[in-house]
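Note sheet for the following structure.
By convention here, the first residue in the shown sequence is residue 1. Atoms within each ligand, like the ligands themselves, are counted from 1 in listed order.
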Amino acid sequence: MRLKTPIQDFLVDHARVNPISFHMPGHKGSALYKRYGFNEFLEHYMDCDITEIIGADNLFQTEGILQEAQDNYAELYDSKKSYLLINGTSGGIIAAILASVPKGKKLIMARNCHKSVFNALTLTDIQPLYAYPGLIREYGISGAIPPEEIEALLKNNLDAEAVILPSPNYYGICSDIEAIAEIVHRYDKVLIVDQAHGAHLKMFSRFGVQGLPKSAEESGADIVINSIHKTLASYTQSAVLNINTDRVSPYVIEDKLQCIESTSPSYLLMASLDINAAILKAHGHELMREWADHLQYFYEEAKKIECLEFIGKVPGMDWTKINFSLGKLGISGDELETMLLKYHIFIELYTGDLVMCMTGIGNSRADIETLLNALREISEDHKNNLLTEKAGIKLENGPTQLLTYKKSRLYEIPKNKIRVPLLEAEGLICASSVIPYPPGIPLVCPGEKFEKETLHYLKALRENKEKVIGVNALGEVVVGAE
Ligand SMILES: Cc1ncc(COP(=O)(O)O)c(C=O)c1O
């Protein structure tokens, strides 16, 4: 009798349906590894799960095979030094912040940073100074961080130590890192870019495929952290941190990486990073070209689908993230997600009417064809529902309407904490971040006041069974006790 294994059963059942992945990770299954001859690694998967045996090098004192793989990354990204990470970009972000900002000092950060940035703050009482992203009104999503915001914060806080922001953000919107780097360096500070969603940007330009925004490495950022797993070909949780200038000491970064990473780094994760680098070095041009062609084809064909709206190849947009909507036909994002499941298409996320499909290095032309066919059929089946008045993508269906990040006063983070029901938290100070997942960006941070509108939004998210970290099963949040 087969043993009951809830996780394994789920994974195997999922693999059996031949899912079409438009979510992370970027490898999209074993086909890519097989295409480039890594069958033996896949077959010997279990036996390759080793520890630091003789000859296997050591992640925290790299001198052998791991150093070789790190050197390959330094070559691919033209960085001064690259580090393999086994705790994702999350780990790299925390290490980079701890290495750049002493205990209790100030960090200028985008308000829409990932929660790992907020986690770093709490470790050594770092004081945040928020830069707010613009709003792309037409689509209702967060936009770029204006360089002027960064400049104003630096001007008024000469004692800030570093600046961190995500680029691209979850939806693919990139900030002008070149302009921001120029400003940050004029004030002699360190610029850290969370490029979790843009590990591929440098690969497009490295291999001469035009059309994507410039990578942070090429734009002058000091430290850049890339989730190789999200868009390229390594396993989930593997990432790479690049040091690009002399402003940061590699020794301090190494010390902080040791503090926060597991002392039992997985050789499977590190081997997948190694394989990704090898595939890119040998076949980077071919793969980036194919990927760009698939996308070009998608956008051309998508234009012909009635009532399908999408964020196209606008400047500053990483259009490998396909954001589209059939809101004109009265179809909300969660409804569209369910409809796409019938075609075994799994999306990354939806926000209101907007669905985001995250493409990766492993997506094939067949994946794109299936997505286009599904959208054609759904559009055809619902064409009678055409809403008479609807201009542009709207985010008004359901609770996933995105709230913008409001500039709000920061209060002292409460030392004494209690839990209260959501709707009783109005006017109280948040003591533990509230984070809708995805995208994993805190909606309310410790030290911010809970507002009525936000609380109702959170209640609606929970009623819609969306994951919200920081709101427990009883619907309570943590606030400061008097
Ligand atoms: C903007 C952003 N930064 C950082 C991370 C963390 O990356 P990782 O999953 O590699 O730890 C994420 C994860 O989704 C993210 O969305």
Within the 4.0 Å heavy-atom cut-off, what Asp194 brings close to ligand 1 is side chain
A student comparing Glu348, His197, Lys115, His229 should find that the heavy atom closest to atom 15 (C) of ligand 1 comes from His197
Distance-only, no hydrogens or angles: does the Gln195 side chain make a donor-acceptor pair with backbone N or O of Ala216 under 3.5 Å?
yes
With a sphere of 6.0 Å drawn around NZ of Lys105, does it hold more than 12 non-hydrogen atoms of other residues, nucleotides or ligands?
no
With a cut-off of 4.0 Å, which atoms of ligand 1 are near a heavy atom of Gly88?
10 (O), 11 (O)
If we only count heavy atoms from C-beta on, is the Glu448 to Ile429 side-chain gap below 4.5 Å?
no
Quick test: of every protein heavy atom, which one is nearest to atom 8 (P) of ligand 1, and how far off is it to 0.1 Å?
Thr89 N, 3.5 Å
Student check: side-chain heavy atoms of Ile145 and Ile150 closer than 4.5 Å:
yes
For Ser227, take its heavy atoms, then give the atoms of ligand 1 lying under 4.0 Å from any of them.
7 (O), 8 (P), 10 (O)
Just checking, Arg111 and Tyr132: is the charged tip under 6.0 Å from the six-membered ring centre and within 45° of the axis?
no
Ala196 heavy atoms within 4.0 Å reach ligand 1 at atoms 2 (C), 3 (N), 4 (C), 5 (C)
Applying a heavy-atom cut-off of 4.0 Å, say which part of Ser90 lies close to ligand 1: side chain, backbone, both or neither.
both
So, do Phe22 and Phe346 have ring centers that fall under 6.0 Å from each other?
no
min-distance protein heavy atom vs atom 14 (O) of ligand 1 -> Lys230 NZ, 2.9 Å
